[in-house]
Structure formats: C-alpha cells, structure tokens
Trainee: 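Sharing a structure with you now.
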Amino acid sequence: MRKVNTLRFGEIEVEDEDVVHFPQGIPAFEDEHEFRIIPYPPGEDTPYAFLQSLTSPELAFLMADPFRFFVDYSFEIDDDSLEKLGSPKQEDLGIYVILTLPEGKVEEMTANLMAPVVINAANMQAKQVVLERSRYTTKHRLFPADGGE
C-alpha cells in the first residue's frame, strides 16, 4: 500500500491491486500511467467516478458509466487495443467515458462517447480507445436540453 496526495481528495491510501495502468498514458497526458478509480460520491452506488492520477495530485478526470445514460451505446474494440489490454474476457471489461462540466453547469455536462476508457479488471491494464468511423462525438449531453437524445 502507498499513500498518495491528491488535490480533490487529500491523502488517499492505494493498494497495489487497485492501481489502473495506462501503459501509453491517456491522449494529451501520455506521461500519466498510474491512476486510481474513486467512486463519486464515495460509498454510494453511483454512475460517477474520478480517475485520479497517482503522480499528479491535480489531475483527476470525472467519468461515468455510459450505459446508465446512453442505453444504446455500443462499439467494437479493435484487435490491437484488446491485445494491449491483455486480451480480456468480455466480463472483465470496465467501460467509462470522460465527462466535461462546462463552467460548472451540471445541466450542460457532456460525455466523450468517441473515446471510452476501457479497463481490463483482471490485470488492471487500461486504454482510452479512440473509435474509428464512429457515429459518436466527444460531446454528448448527459442531460439533453430537450428531454431526450
């Protein structure tokens, strides 16, 4: 176990088996390789979580379970990405999407459905997969202004 300082959560304890490894980093954050998923709010059944960097205290991405907001969300992961994840079984895959909260306005929050974060829970290897030829964008509203999407 190690202790890690974070800007949002203060000092946290991280077990080695809870460390999520991004061997190639995350696009635009290629030097960030180790993260911890922290459900938000902690201790609740919630679709939200923070992906907290273990090396940069200020770096934490707000994520969500996309299937709780977009029931028809589906995509195929390319063979190269699956290999980099350790060729996981379907039941070992965790899927998240990174959220953007424009100017703190929850009602305008968007999800990046074009580049899901895929985690192999069996070995804790992860990758943000950029979907090729996708019908999705980087800014799907979580709470559509018109009441539907």
Trainee: Quick check on the hydrophobic clustering: are Val4 and Phe9 connected, directly or via other members, by side-chain heavy-atom contacts under 4.5 Å?
Mentor: yes
Trainee: Counting only heavy atoms from other residues, nucleotides and ligands, does the tally under 6.0 Å from CZ of Arg8 exceed 12?
Mentor: no
Trainee: Does some side-chain heavy atom of Phe61 sit less than 4.5 Å from a side-chain heavy atom of Phe35?
Mentor: yes
Trainee: Is a side-chain donor or acceptor of Asn112 paired with a backbone partner of Ile98 at a separation under 3.5 angstrom?
Mentor: no
Trainee: For residues Gln52 and Ile38, report the shortest heavy-atom separation together with the two atoms involved.
Mentor: CB-CD1, 3.9 Å
Trainee: Taking the side chain as everything from C-beta on, heavy atoms only, tell me whether Leu62 gets closer than 4.5 Å to Met109.
Mentor: yes
Trainee: Quick check: is Leu82 connected to Val130 through a chain of hydrophobic side chains (ILVMFWY, heavy atoms under 4.5 Å apart)?
Mentor: no
Trainee: More than 12 heavy atoms of other residues, nucleotides or ligands under 6.0 Å from CD of Glu83: yes or no?
Mentor: no
Trainee: Using the side-chain contact (heavy atoms from CB on, under 4.5 Å) definition, which of the options Gln128, Lys84, Glu30 pairs with Gln24?
Mentor: Lys84
Trainee: Does the gap between the ring centers of Phe70 and Tyr136 come in under 6.0 Å?
Mentor: no
Trainee: Quick one: do Val129 and Tyr96 end up in the same hydrophobic cluster if we chain Ile, Leu, Val, Met, Phe, Trp and Tyr together by side-chain heavy atoms under 4.5 Å apart?
Mentor: no
Trainee: Charged N to carboxylate O under 4.0 angstrom, Lys127 versus Asp80?
Mentor: no
Trainee: Counting N and O atoms only, with roles assigned by atom type, does the side chain of His33 sit under 3.5 Å from a partner on the main chain of Pro23, one being a donor and the other an acceptor?
Mentor: yes
Trainee: Mind checking whether Leu59 and Val14 sit in one hydrophobic cluster, side chains of I, L, V, M, F, W, Y counted as touching below 4.5 Å?
Mentor: no
Trainee: Which value, rounded to the nearest 0.5 Å, describes the distance between Ile12 atom CD1 and Lys3 atom NZ?
Mentor: 11.5 Å
Trainee: Could you tell me whether the side chains of Thr55 and Glu32 share a donor-acceptor contact shorter than 3.5 Å?
Mentor: yes
Trainee: Give, for atom NZ of Lys89 and atom CD of Glu91, the distance between the pair rounded to the nearest 0.5 Å.
Mentor: 5.5 Å
Trainee: Do the side chain of Asp31 and the main chain of Gly25 share a donor and acceptor less than 3.5 angstrom apart?
Mentor: no
Trainee: Let me confirm one number: the CD-CG distance from Gln125 to Asp92, rounded to the nearest 0.5 Å.
Mentor: 13.0 Å
Trainee: Write down the atom of Pro66, the atom of Leu113, and the distance for their closest heavy-atom approach.
Mentor: CB-CD2, 4.3 Å
Trainee: Ignoring hydrogens, what is the shortest heavy-atom contact between Met124 and Asp18? Give both atom names and the distance.
Mentor: CE-O, 3.8 Å
Trainee: When rounded to the nearest 0.5 angstrom, what distance separates NE2 in His21 from CG in Leu85?
Mentor: 13.0 Å
Trainee: Begin from the C-alpha positions of Leu51 and Ile37 and carry the test side-chain contact (heavy atoms from CB on, under 4.5 Å) through to its verdict.
Mentor: CA-CA 5 Å; Leu51 185 64; Ile37 295 175; 3.9 Å; yes
Trainee: Does a side-chain heavy-atom distance below 4.5 Å link Ser56 with Leu7?
Mentor: no
Trainee: Quick one, His140 and Thr110 - any side-chain contact, counting heavy atoms below 4.5 Å?
Mentor: no
Trainee: Kindly indicate, with the supporting measurements, whether the criterion side-chain contact (heavy atoms from CB on, under 4.5 Å) is fulfilled by Val117 and Val20.
Mentor: CA-CA 11 Å; Val117 172; Val20 179; over 6 Å; no
Trainee: Mind checking whether Arg36 and Thr6 have side chains closer than 4.5 Å, heavy atoms only?
Mentor: no
Trainee: Does the pair Phe69 and Val97 meet the rule for a side-chain contact (heavy atoms from CB on, under 4.5 Å), with working shown?
Mentor: CA-CA 11 Å; Phe69 296 95; Val97 291; over 6 Å; no
Trainee: Take Phe75 and Ile77 through the side-chain contact (heavy atoms from CB on, under 4.5 Å) test and state the conclusion after the steps.
Mentor: CA-CA 7 Å; Phe75 60 91; Ile77 303 172; 3.5 Å; yes
Trainee: Taking atom CG of Asn123 and atom CD of Glu17, what is their separation to the nearest 0.5 Å?
Mentor: 14.0 Å
Trainee: So how far is it from Leu101 CG to Glu108 CD, rounded to the nearest 0.5 Å?
Mentor: 9.0 Å
Trainee: Can you confirm whether or not the ring centre of Phe29 sits under 6.0 Å from the ring centre of Phe22?
Mentor: no
Trainee: Between Val19 and Met1, is there a shared hydrophobic cluster once you connect ILVMFWY residues whose side-chain heavy atoms come closer than 4.5 Å?
Mentor: no
Trainee: Please work out which of the three classes, parallel, tilted or perpendicular, describes the rings of Phe50 and Tyr40, given edges at 30° and 60°.
Mentor: perpendicular
